[in-house]
Amino acid sequence: MGITFLLIILLAYLSYAQEQCSKEETLNKLREYIVRYHLWKDRFSELPEWKDESEAIAFLRSKGDRWTTITKLEEDRTWYSEAKLFGLGIRWNDEGVIVKVFEGSPAEKAGLRKGDIIYSINGETDKSKWRSAIGNTPANTPVKLEIIRNGFFESLEVQKGYFTINPVEEKKIINLGEKKIGYVHLVNFTKPTIREFKQTMEEFEREGIDGLIIDLSNNSGGLIGVAKAVADTLLGGEGVMFYLETSSGGLSVYEFKSEKPFKKPIFVIVNKNTASAAELLASLLKRYAKAIVAGEKTVGKYVGSNMYPLNDCGLVLRLITFAMKFPDGTLVVGEKGMEPDCPAEGGNLEKALECFKNAINLGALSASP
């Protein structure tokens with residue numbers, strides 16, 4: 001009897017919460033934030049009526065905004081503060097081949113492996129729709145995957161959950177001739193990145209490295225302040241390093257913290273998935289440390305977002321509100337992306353090393369794990 005009563009109370013509360021988070025209220029707040037804060041609000045002479053949030057996002061996409069998103073507050077905070085994502089925990093390439101299964105992720109627990117070929121997700125074979133297929137699957141409903149393994153089709157179900165993406169995916173010493181080069185692959189700019197990068201640099205200093213490679217391939221960005229903290233470890237100078245500018249002309253200025261830079265050569269690797277705060281760091285290192293950049297043309301995301309609550313049910317808006325600029329007013333990266341100094345398809349390390357080796361005119365190379 002008591003349990004039945006509690007269930008009635010719970011259902012009543014859920015019904016009440018839904019009423020409190022009506023679509024009309026959510027859409028009104030969404031419109032208000034766009035009109036007041038969107039970086040390109042001048043492009044929107046008039047906002048149409050939308051029946052739901054997806055129509056609003058589709059409208060922004062039609063106006064050239066590729067980045068504004070609507071997400072859940074808990075997921076947003078957990079990602080930026082702890083580097084934890086809610087999902088499956090796999091990364092696939094353009095051919096649908098799984099190139100990484102994250103340790104401790106739902107995908108790993110379900111038995112997915114690196115090298116598996118994804119045929120479909122929830123029955124969808126169009127690779128461009130796979131991420132939305134995963135995202136639109138309710139938390140309590142398993143995601144259905146059809147994969148090809150060793151030439152045979154297999155079906156798996158994966159229940160979404162939280163998993164950690166370590167900001168430092170790999171670190172090692174690479175021997176270029178008689179020189180020791182520290183290599184670190186940063187895959188996001190969440191808060192744990194600051195601690196992980198500091199520890200990595202301390203290890204490299206104990207090894208007595210002669211140069212540093214920062215691999216930013218497949219790094220889609222993160223917090224501007226975290227990218228700035230990494231830059232502060234390596235760059236020295238005085239005055240303004242870069243600034244953020246809003247549509248109303250408001251400025252957030254970021255200055256150099258130290259006059260003493262990292263005095264060894266710096267090299268950077270990027271690819272077509274390098275974006276936002278990662279492009280910012282690459283541009284800062286190229287401009288102020290004369291870093292040599294190898295890889296592919298980057299995304300060209302010179303803008304960033306702020307978070308705004310949409311309702312009391314946990315929906316938040318990640319709205320594009322500012323552009324990143326150097327002190328002379330130029331964008332940190334153009335809309336077409338950063339052009340590397342020398343090509344390395346996919347941000348391939350071996351090809352990038354050839355570029356770096358030629359740049360510093362050292363002998364034969366060998367990599368040690």
Chemist: For the pair Thr246 (side chain) and Gly250 (backbone), establish whether a donor and an acceptor sit closer than 3.5 Å, ignoring hydrogens and angles.
Modeler: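 Yes, Thr246 side chain to Gly250 backbone: donor-acceptor pair under 3.5 Å.
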Chemist: Decide if atom CD of Glu82 counts as having more than 12 heavy atoms of other residues, nucleotides or ligands within a radius under 6.0 Å.
Modeler: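 Yes, CD of Glu82 has more than 12 neighbouring heavy atoms, counting only those of other groups under 6.0 Å.
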Chemist: Looking only at heavy atoms, which two atoms of Gly111 and Leu156 are closest? And how far apart?
Modeler: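 Looking at all heavy atoms of both residues, the closest pair is C-CD2, 4.2 Å.
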Chemist: So, the side chain of Glu279 versus the backbone of Lys301: is there a donor-acceptor pair under 3.5 Å, distance only?
Modeler: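 Between the backbone of Lys301 and the side chain of Glu279 there is a qualifying donor-acceptor contact (under 3.5 Å).
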Chemist: So with a 6.0 Å cut-off around NZ of Lys191, is the heavy-atom count from everything else above 12?
Modeler: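 Open.
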Chemist: Ring centres under 6.0 Å, that's the criterion: do Phe242 and Tyr254 meet it?
Modeler: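 Under 6.0 Å, so yes.
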Chemist: For Leu145, run the side chain to side chain contact (heavy atoms under 4.5 Å, CB included) check against Ile98, Ile134, Ile121, Asn122 and tell me which one passes.
Modeler: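 One option only clears the test, and that one is Ile121.
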Chemist: Identify the two heavy atoms, one from Phe102 and one from Ile90, that lie closest to each other, and give their separation to 0.1 Å.
Modeler: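 Heavy atoms only, the tightest pair is CD1-N, 4.1 Å.
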Chemist: To the nearest 0.5 Å, tell me how far Phe322 CZ sits from Leu251 CG.
Modeler: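 Between Phe322 CZ and Leu251 CG, I get 12.5 Å after rounding to 0.5 Å.
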Chemist: Decide, yes or no, whether a salt bridge links Asp76 with Arg318 under the criterion of side-chain N to carboxylate O below 4.0 Å.
Modeler: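 Yes, Asp76 and Arg318 are salt-bridged.
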Chemist: From Leu310 CG over to Met307 CE, what is the distance, rounded to the nearest 0.5 angstrom?
Modeler: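 Going from CG on Leu310 over to CE on Met307, the span is 10.0 Å.
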Chemist: If we ignore hydrogens and angles and just use 3.5 Å, is the side chain of Lys228 paired with the main-chain N or O of Glu255 as donor and acceptor?
Modeler: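 Pair found, side chain donor or acceptor close to backbone of Glu255.
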Chemist: Less than 4.0 angstrom from a charged side-chain N to a carboxylate O is my criterion; do Arg149 and Glu154 meet it?
Modeler: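 Result for this pair is yes, salt bridge flagged.
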Chemist: What is the distance from atom CZ of Phe262 to atom CG of Asp232, rounded to the nearest 0.5 Å?
Modeler: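 Between Phe262 CZ and Asp232 CG, I get 15.0 Å after rounding to 0.5 Å.
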Chemist: For Asn218, which of Thr274, Asn188, Asn273 qualifies under side-chain hydrogen bond (donor to acceptor under 3.5 Å, both in side chains)?
Modeler: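 Of all the options given, the one that passes is Asn273.
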Chemist: Is the shortest distance from a Lys or Arg side-chain nitrogen in Arg91 or Glu169 to a carboxylate oxygen in the other one below 4.0 Å?
Modeler: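 Between Glu169 and Arg91 there is a salt bridge, with a charged N closer than 4.0 Å to a carboxylate O.
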Chemist: Any salt bridge linking Glu196 with Lys171? Criterion: basic side-chain nitrogen under 4.0 Å from a carboxylate oxygen.
Modeler: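 Lys171 and Glu196: not salt-bridged.
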Chemist: With ring centroids as reference points, do His38 and Phe44 lie under 6.0 angstrom apart?
Modeler: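 Yes, close enough.
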Chemist: Using the ring of each side chain (for Trp, its six-membered ring), is Tyr119 parallel, tilted or perpendicular to Phe153, with breaks at 30° and 60°?
Modeler: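 Plane angle over 60°, so perpendicular.
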Chemist: When you look at CD of Glu24, are more than 12 heavy atoms from neighbouring residues, nucleotides or ligands closer to it than 6.0 Å?
Modeler: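 Not more than 12 within 6.0 Å, no.
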Chemist: Is it true that atom NZ of Lys100 has more than 12 heavy atoms of other residues, nucleotides or ligands lying nearer than 6.0 Å?
Modeler: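 More than 12 within 6.0 Å, yes.
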Chemist: Which value, rounded to the nearest 0.5 Å, describes the distance between Glu53 atom CD and Glu55 atom CD?
Modeler: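 If we round to the nearest 0.5 Å, Glu53:CD and Glu55:CD are 10.5 Å apart.
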Chemist: Could you measure the distance from the CD1 atom of Ile266 to the OH atom of Tyr288? Nearest 0.5 Å is fine.
Modeler: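 Nearest 0.5 Å value for the CD1-OH distance: 14.0 Å.
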Chemist: Report yes or no: does Glu108 contribute a side-chain atom to a donor-acceptor pair with the main-chain N or O of Gly104 at less than 3.5 Å?
Modeler: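 Side chain of Glu108 to backbone of Gly104: a pair is present.
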Chemist: Less than 4.0 Å between a side-chain N and a carboxylate O, is that true for Lys180 and Glu207?
Modeler: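 Salt bridge between Glu207 and Lys180, a charged N being under 4.0 Å from a carboxylate O: yes.
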Chemist: Does Leu112 offer a backbone N or O that forms a donor-acceptor pair with the side chain of Asp116 under 3.5 Å?
Modeler: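 Not a single qualifying donor-acceptor pair exists.
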Chemist: Can you get from Val99 to Leu349 by hopping between Ile, Leu, Val, Met, Phe, Trp and Tyr side chains that sit under 4.5 Å apart?
Modeler: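 Val99 and Leu349: separate clusters.
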Chemist: Could you tell me whether Glu170 and Lys172 make a salt bridge, using a distance below 4.0 angstrom between a side-chain N and a carboxylate O?
Modeler: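 Looking at Lys172 together with Glu170, the answer is yes, because their closest N to O distance falls below 4.0 Å.
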Chemist: Would you indicate whether Arg113, at its atom CZ, is surrounded by more than 12 heavy atoms from other residues, nucleotides or ligands within a distance under 6.0 Å?
Modeler: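 Incorrect, the count does not exceed 12.
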Chemist: May I ask whether Leu39 and Leu60 are part of the same hydrophobic cluster, defined by side-chain heavy atoms of I, L, V, M, F, W, Y residues being less than 4.5 angstrom apart, directly or through others?
Modeler: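 Leu39 and Leu60: separate clusters.
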Chemist: Please say yes or no: joined through hydrophobic side-chain contacts below 4.5 Å, possibly via intermediate residues, are Leu315 and Phe59 part of one cluster?
Modeler: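 Both belong to a single hydrophobic cluster.
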Chemist: Looking at Arg61 and Asp65, would you say the former's side chain and the latter's main chain have a donor-acceptor pair under 3.5 Å?
Modeler: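 Yes, Arg61 side chain to Asp65 backbone: donor-acceptor pair under 3.5 Å.
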Chemist: Rounded to the nearest 0.5 Å, how far does CD1 of Ile173 lie from CG of Asn175?
Modeler: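 Reported to 0.5 Å precision, the distance equals 8.0 Å.
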Chemist: Hey, is the main chain of Leu223 close enough, under 3.5 Å, to the side chain of Thr190 for a donor-acceptor pair?
Modeler: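 No; zero donor-acceptor contacts below 3.5 Å.
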Chemist: Tell me if the NZ atom of Lys41 is crowded by more than 12 foreign heavy atoms within 6.0 Å.
Modeler: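 Counting neighbours around NZ of Lys41, more than 12 heavy atoms of other residues, nucleotides or ligands fall under 6.0 Å, so yes.
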Chemist: Does a side chain donor of either Thr69 or Thr71 reach within less than 3.5 Å of an acceptor in the other side chain?
Modeler: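 No - no donor-acceptor pair under 3.5 Å links their side chains.
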Chemist: Check for a donor-acceptor pair, side chain of Thr78 on one end and backbone N or O of Lys84 on the other, with a separation under 3.5 Å.
Modeler: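 It does not hold such a pair.
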Chemist: If you compare all heavy atoms of Phe86 against all heavy atoms of Glu75, which two are closest, and at what distance to 0.1 Å?
Modeler: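 Smallest heavy-atom distance, with atoms named: CD2-OE2, 3.7 Å.
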Chemist: Checking Asp215 against Tyr183: is there a side-chain donor and acceptor pair closer than 3.5 Å?
Modeler: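 Yes, side-chain donor-acceptor contact under 3.5 Å.
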Chemist: Consider only side-chain heavy atoms of I, L, V, M, F, W and Y, link residues closer than 4.5 Å, and tell whether Leu30 and Ile57 are in one cluster.
Modeler: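 Yes; tracing contacts between hydrophobic side chains, which count when under 4.5 Å, links both residues.
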Chemist: Run the numbers on Glu354 and Lys357 for salt bridge (charged side-chain N to carboxylate O under 4.0 Å, His left out), then give the verdict.
Modeler: CA-CA 5 Å; Glu354 289 297 327; Lys357 181 182 68 175; 3.2 Å; yes
Chemist: What do the steps show when you test Asn306 against Thr321 for side chain to side chain donor-acceptor pair (under 3.5 Å), and what is the final call?
Modeler: CA-CA 6 Å; Asn306 282 304; Thr321 56; 2.8 Å; yes
Chemist: Locate the shortest heavy-atom distance separating Pro106 from Gly161; write the atom from each residue and the value.
Modeler: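 For Pro106 versus Gly161, the nearest heavy atoms are CG-N, 3.5 Å.
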Chemist: Salt bridge or not for Asp328 and Arg287, using N-O below 4.0 Å?
Modeler: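 So Asp328 pairs with Arg287 through a salt bridge.
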Chemist: For Ile118 and Trp130, which heavy atoms make the closest approach, and how far apart are they?
Modeler: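 For Ile118 versus Trp130, the nearest heavy atoms are O-CH2, 3.3 Å.
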Chemist: Decide, yes or no, whether a salt bridge links Lys72 with Glu74 under the criterion of side-chain N to carboxylate O below 4.0 Å.
Modeler: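 Salt bridge between Lys72 and Glu74, a charged N being under 4.0 Å from a carboxylate O: no.
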Chemist: Give the table of side-chain donor-acceptor pairs shorter than 3.5 Å for residues 332-348, with sequence neighbours excluded, one pair per line with atom names and distance.
Modeler:
| unit_1 | atom_1 | unit_2 | atom_2 | d |
| --- | --- | --- | --- | --- |
| Glu339 | OE1 | Lys297 | NZ | 3.4 |
| Asp341 | OD1 | Lys286 | NZ | 2.7 |
| Asp341 | OD2 | Lys286 | NZ | 3.1 |
| Asp341 | OD2 | Val293 | N | 2.7 |
| Asn348 | OD1 | Glu350 | N | 3.1 |
| Asn348 | OD1 | Lys351 | N | 2.9 |

